[in-house]
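The structure under discussion appears below in the form of structure tokens.
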Amino acid sequence: MPKTGRVKKKMMNKDLYAVLGVSKTASPEEIKTAFRNLAKKYHPDIHSGDKKEAEEKFKEIGGAYKILSDPEQRKIYDTYGYDGLRGRAGSGRGFEGFSMDDIFTDFSDIFSDFFGFETRGSGRGSARRYNGEDVRADVALDFEESAHESVRVVEVIRKEACEKCGGSGIKAGTSRKECATCGGRGKVRQSQGFFSMVTTCPKCGGEGSVAEAYCEDCGGAKMKQKRRKIEVKIPAGMDGGAYLRLSGEGSSGLNGGRSGDLFVVVNVRPHEIFARQEDDVIMKLPVTVTQAVLGEKIEIPTIYGTEKIDIQPGSEHGKIITLKGKGFPSVNGRGKGDMHIIVEISVPKGLSSKLKEAYKNVKVNEDYESYPELKKRWKTIKKQMEKEVKNHGS
Ligand SMILES: [Zn+2]
Ligand SMILES: [Zn+2]
């Protein structure tokens, strides 16, 4: 059983300028300089503190720079904020969507000029670590169901180490030999005019060695796509759009990289009579004129079964009756929401002659003293009419 992670309502939404420590009016050069300095500081190969923390910070910096270094994306971000970038190809994936390798690849020109040949290891090539990708699964719950804990089996397609070669990528009984292109260093230096650039060796992909023969199953990729069924425990009270993060249940990492996470996004089907507001349940309750006037005890549904409520005599249209603790359990484990019942008075139409007589009889006997709210309102309405007569004559 995978452990369930934190529940977050909203994806990370940081100020990208603040992430890079620049002002909103910073020039492209200033942004680039800020990125270079921060990337140097938090580069996981260099940073002396907590590696995992540095990596997170590094990804955040890279994600911010990726957006702010692109004039078009920066303009969208300035105008619409982070949400404006969502759903656009190649952007708006959120910081979580950036892997270390995205950043190394995208900004290799920046890194190559401050990390020389020897930054990774002692000049010998080594396989680059790849962290596994995050994967996503969706579950749909009925409104009432979401009030209780439930267990669902989700199907995900994720990359796992090839079973045949144990993730080595090479054919059984063969070995690896030194890469002739880079002489085992894993990197090559390319010169163009004045510029010299260090890049990953295209032949061995930075490993410094190549296989004599590749695994027949994965063809040297070391990974295979697998379809997996994963049991997920969904805590009571999760609202639609919230998600669970199952740490390490995404695609496997490569060459010592860590596994990605599985995000389970919870969708809650809308209900015909109930609505949700935070942890509260809202329900509109139609009542007849006589129920509102005379009052009545009536039975209504809640997400936990039926309940008897008191419609007080003289209930106004729009009156709210609250049932404490009949809302959703808080996912943080802090009690339960309430249920709010909004009284809506229905007016009868197409009366039988007998009922019409009865209403006429009510009208004749009607005492406006018993309409305190109406009396008060009419006083101001009359005042308005007197003002108009004075101004315009009649
Ligand atoms: Zn090579
Ligand atoms: Zn294989």
Side-chain angles (χ1 to χ4, degrees), residues 2 39 43-46 55 58 62 99-135 137 155-230 246-262:
H43 193 293
D45 285 355
I46 296 175
E55 195 175 307
F58 189 73
S99 71
M100 294 296 280
D101 289 298
D102 284 341
I103 296 167
F104 284 129
T105 311
D106 289 353
F107 310 125
S108 63
D109 55 332
I110 290 179
F111 293 120
S112 63
D113 59 62
F114 65 81
F115 300 122
F117 243 83
E118 326 295 342
T119 48
R120 281 182 185 254
S122 54
R124 301 297 304 171
S126 60
R128 191 193 265 176
R129 271 188 299 123
Y130 289 91
N131 289 330
E133 289 149 9
D134 294 335
V135 295
E155 202 176 70
V156 297
I157 295 173
R158 65 183 184 193
K159 288 185 200 136
E160 294 179 8
C162 169
E163 280 163 15
K164 176 127 185 156
C165 62
S168 69
I170 64 172
K171 188 177 172 175
T174 70
S175 58
R176 302 181 72 89
K177 57 179 185 338
E178 190 177 272
C179 171
T181 307
C182 62
R185 279 185 300 226
K187 302 233 158 108
V188 289
R189 190 179 281 274
Q190 289 177 328
S191 294
Q192 286 178 324
F194 291 116
F195 300 101
S196 171
M197 234 172 69
V198 178
T199 56
T200 301
C201 171
K203 175 76 181 168
C204 63
E207 293 195 54
S209 61
V210 287
E212 283 171 8
Y214 290 111
C215 164
E216 304 96 318
D217 201 15
C218 64
K222 304 179 182 179
M223 306 280 264
K224 293 275 284 179
Q225 281 207 331
K226 289 272 176 194
R227 197 178 281 270
R228 292 281 181 211
K229 287 192 164 119
I230 298 166
L246 278 69
S247 195
E249 290 289 341
S251 284
S252 299
L254 195 57
N255 308 323
R258 61 183 166 79
S259 296
D261 299 333
L262 164 61

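Values in this document were obtained by computation on a predicted structure and should not be read as measured data. Atoms within each ligand, like the ligands themselves, are counted from 1 in listed order.
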Please step through side-chain contact (heavy atoms from CB on, under 4.5 Å) for the pair Ser252 and Met223, ending with a clear verdict.
CA-CA 8 Å; Ser252 299; Met223 306 280 264; 4.1 Å; yes

Selection residues 210-220 - residue pairs positive for salt bridge (Lys or Arg N to Asp or Glu O under 4.0 Å), sequence neighbours left out:
Asp217-Lys224

Could you pull out the N/O/S protein atoms under 2.8 Å of the Zn ion (ligand 1), ignoring any water?
Cys179 SG, Cys182 SG, Cys201 SG, Cys204 SG

Minimum heavy-atom separation for Cys201 to Cys179, with atom names?
SG-SG, 3.8 Å

Quick check against the 3.5 Å criterion: does Ser251 have a side-chain atom that pairs as donor or acceptor with the backbone of Gly132?
no

I want to verify a count. Protein N, O or S atoms less than 2.8 Å away from the Zn ion (ligand 2), how many are there?
4

Looking at every non-hydrogen atom in both residues, tell me the closest pair between Cys204 and Val210 and how far apart they are.
CB-CG1, 3.8 Å

Can you give each donor-acceptor pair under 3.5 Å made by side-chain atoms of residues 254-261, sequence neighbours left out, with the distance rounded to 0.1 Å?
{"residue": "Asn255", "atom": "OD1", "partner": "Lys222", "partner atom": "NZ", "Å": "3.1"}
{"residue": "Asn255", "atom": "ND2", "partner": "Arg128", "partner atom": "O", "Å": "2.8"}
{"residue": "Arg258", "atom": "NH2", "partner": "Glu55", "partner atom": "OE2", "Å": "3.4"}
{"residue": "Arg258", "atom": "NH2", "partner": "Glu56", "partner atom": "OE2", "Å": "3.3"}
{"residue": "Asp261", "atom": "OD1", "partner": "Gly248", "partner atom": "N", "Å": "2.9"}
{"residue": "Asp261", "atom": "OD2", "partner": "Arg245", "partner atom": "NE", "Å": "2.8"}
{"residue": "Asp261", "atom": "OD2", "partner": "Arg245", "partner atom": "NH2", "Å": "3.0"}

Heavy-atom neighbours of Glu160 CD exceed 12 at 6.0 Å
yes

Which atom of Thr200 lies closest to which atom of Val188, heavy atoms considered:
O-CG2, 4.2 Å

Looking at Arg228 and Arg158, would you say the former's side chain and the latter's main chain have a donor-acceptor pair under 3.5 Å?
no

